[in-house]
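Bear in mind the structure is a predicted one, so any value in this text is a computation, not a measurement.
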Amino acid sequence: SSYEESEAVQNELTYRRRTGWITLVLTGVAELVLVFLTLMSFFSVKPPMDIHLYISIHAFLLGVMMLINHQMVGGGLGNALRLRADADGAVSAASLFALLHTLLQFFNTAAVAEGTAPLFTAAAGLGLLLGAVGRQMRLSRISGNFRFVSHPADKYAARRVDDPQTAVEIGRSAVALGEPEVAYFKKAGFLQNFLANSYGDDGSDRAMRAYIPLAFLASVLLSVGAALLGKAGPWEAAAIGVGAFCLSSPAAALMVSNFPLLRAARRTLRKGAMIIGWEAVQEFGSLHAIAVDAQELFPSEDVLLHGIKTFSGARIDRALLDAAAVSI
């Protein structure tokens with residue numbers, strides 16, 4: 001809310017980026033181990049070690065991944081329970097279901113030892129890993145933007161031209177049909193609510209609110225349907241439900257929405273501007289025209305009138321007005 005807070009906010013962002021890198025590295029190492037154990041079990045048909053140790057390692061590593069990504073898991077599950085599911089909610093729910101399913105396999109060790117009961121920890125862990133990558137991308141964008149917004153210099157905020165008549169008058173040459181969408185820049189004394197706008201909903205969050213409940217319902221129906229049709233026993237039906245939800249969870253949703261936004265934000269910063277978040281993309285991503293002041297395009301030193309020459313009998317005063325009109 002003021003330039004005096006810049007140092008405190010910058011320190012907080014730096015701390016979050018450092019802890020984010022640590023989280024990302026630890027999550028990546030745990031995921032590599034889970035993938036290795038899963039592949040070894042797949043190629044050798046049976047687990048390559050004592051079955052109780054095998055299940056324990058899977059459950060322990062997934063639990064550790066959920067613990068070090070506790071902000072993602074806690075926030076995602078909390079939003080899902082409040083019926084405001086987001087990209088974090090999908091991978092968090094998949095991880096929770098996979099962990100519970102893995103712990104239950106201690107009562108089904110014979111099937112796991114024979115290689116007929118799959119574990120889904122590696123699939124769920126992949127969602128946590130890609131989610132951590134997406135969160136780190138978001139932090140990189142916010143940190144770069146904050147260095148821009150905290151610099152004590154003149155700032156201009158982008159605004160939409162809401163009056164239809166004014167928008168048509170300014171942008172009529174930009175569109176052949178329909179009402180043009182026009183924006184302009186207004187000088188701002190201070191750009192407030194930077195963090196609130198930066199951490200706002202990503203492009204995938206709104207879609208997740210409908211998708212995740214549907215994916216969960218479909219997974220439950222698959223599990224119940226397999227059991228009722230006699231195609232699977234209780235253990236197999238549970239595996240079908242958990243596997244279907246892990247498969248249908250959009251693991252890379254957060255990364256997919258933040259990667260292009262991070263690239264665009266970096267390119268924009270190099271040109272002296274800032275894209276604060278996804279809402280800015282939705283607000284200004286489909287503009288037809290931007291109204292700028294002539295002084296911004298042609299500063300006083302950049303337009304030089306070297307001379308005026310009349311032709312075809314034109315009067316000198318008329319030539320002066322035409323030259324001034326071109327300059328303006």
Above 12 or not: heavy atoms from other molecules or residues under 6.0 Å from CZ of Phe60?
no
Looking at Arg209 and Asp86, is any side-chain nitrogen of the basic one under 4.0 Å from a carboxylate oxygen of the acidic one?
no
With sequence neighbours excluded, tell me which residues meet side-chain hydrogen bond (donor to acceptor under 3.5 Å, both in side chains) with Asp322.
none
Has the side chain of Ser223 got a donor or acceptor atom that lies under 3.5 Å from a matching backbone atom of Ser219?
no
Quick one: does Lys155's side chain have a donor or acceptor within less than 3.5 Å of a partner on Ala153's backbone?
yes
Parallel, tilted or perpendicular for Phe97 and Phe245, by the 30°/60° rule?
perpendicular
Do you know which two heavy atoms are closest between Thr109 and Ile55, and how far apart they sit?
CG2-CD1, 4.1 Å
So, Asn145 side chain and Ile275 main chain: donor-acceptor pair closer than 3.5 Å or not?
yes
Results of ring pair (Phe, Tyr, Trp, His ring centres under 6.0 Å) for Phe194 - residues two or more places apart only:
Phe146
Hey, what do you get for CD (Glu169) to CG (Asp163), rounding to the nearest 0.5 Å?
10.5 Å
Got a sec, which residues hit side-chain hydrogen bond (donor to acceptor under 3.5 Å, both in side chains) with Ser286, two or more places apart in sequence or on another chain?
Glu181
Just wondering, do Gln71 and Asp88 contact through their side chains at under 4.5 Å, heavy atoms?
no
Would a distance-only check, ignoring hydrogens and angles, find a side-chain to backbone donor-acceptor pair under 3.5 Å from Ser92 to Met72?
yes
Heavy atoms of Ile170 and Ala291 approach each other most closely as CG2-CB, 4.1 Å
Can a side-chain donor-acceptor contact be found between Thr27 and Asn69 if the only test is distance below 3.5 angstrom?
yes
With a 4.5 Å limit on heavy-atom distance, are the side chains of Leu104 and Trp235 in contact?
yes
Are Leu221 and Val242 connected into the same hydrophobic cluster when the rule is that any two of I, L, V, M, F, W, Y join if their side-chain heavy atoms are below 4.5 Å apart?
no
With a cut-off of 6.0 Å (strictly less than), are more than 12 heavy atoms of other residues, nucleotides or ligands near CZ of Arg160?
yes
Tell me whether Phe190 at atom CZ has more than 12 heavy atoms from other residues, nucleotides or ligands lying less than 6.0 Å away.
yes
Checking Ser95 now: which residues fulfil side-chain hydrogen bond (donor to acceptor under 3.5 Å, both in side chains) with it, not counting sequence neighbours?
none
Between the main-chain N or O of Tyr3 and the side-chain N or O of Ser6, is there a donor-acceptor pair closer than 3.5 Å?
yes
Under the 3.5 angstrom rule, does the side chain of Ser257 hit a backbone N or O of Leu254 as a donor-acceptor pair?
yes
A quick test of your reading: do over 12 heavy atoms of other residues, nucleotides or ligands sit less than 6.0 Å from CZ of Phe284?
yes
Could you tell me the separation between the OH atom of Tyr156 and the NZ atom of Lys186, rounded to the nearest 0.5 Å?
12.5 Å
Under the rule for side-chain hydrogen bond (donor to acceptor under 3.5 Å, both in side chains), what residues qualify as partners of His58, not counting sequence neighbours?
Tyr54, Thr121
Judged by atom type as modelled, is there a donor-acceptor pair below 3.5 Å linking the side chain of Asn193 to the main-chain atoms of Ala196?
no
Keeping Arg141 on the side-chain end and Ile276 on the backbone end, is there a donor-acceptor pair under 3.5 Å?
yes
Tightest non-hydrogen contact, residues Leu13 and Ser143, listed as CB-OG, 3.9 Å
Expected output: side-chain Ser249 to main-chain Ala251 donor-acceptor under 3.5 Å:
no
Please assess Tyr211 against Phe216 for the test ring-ring contact (aromatic ring centres under 6.0 Å, His included), listing each intermediate value before the final yes or no.
CA-CA 9 Å; Tyr211 176 80; Phe216 175 75; over 10 Å; no
I need the Glu5 CD to Gln10 CD distance, nearest 0.5 Å.
13.5 Å
Show your reasoning for whether side-chain contact (heavy atoms from CB on, under 4.5 Å) applies to Ile290 and Val292.
CA-CA 6 Å; Ile290 297 177; Val292 296; 4.0 Å; yes
Suppose we screen for side-chain contact (heavy atoms from CB on, under 4.5 Å). Which residues come up paired with Ala111, at least two apart in sequence or across chains?
Asn108, Thr116, Ala117
Between CZ of Arg267 and CG of Leu262, what distance do you get to the nearest 0.5 Å?
11.5 Å
Can you check whether Gly233's main-chain N or O pairs, donor with acceptor, with Glu236's side chain at less than 3.5 Å?
yes
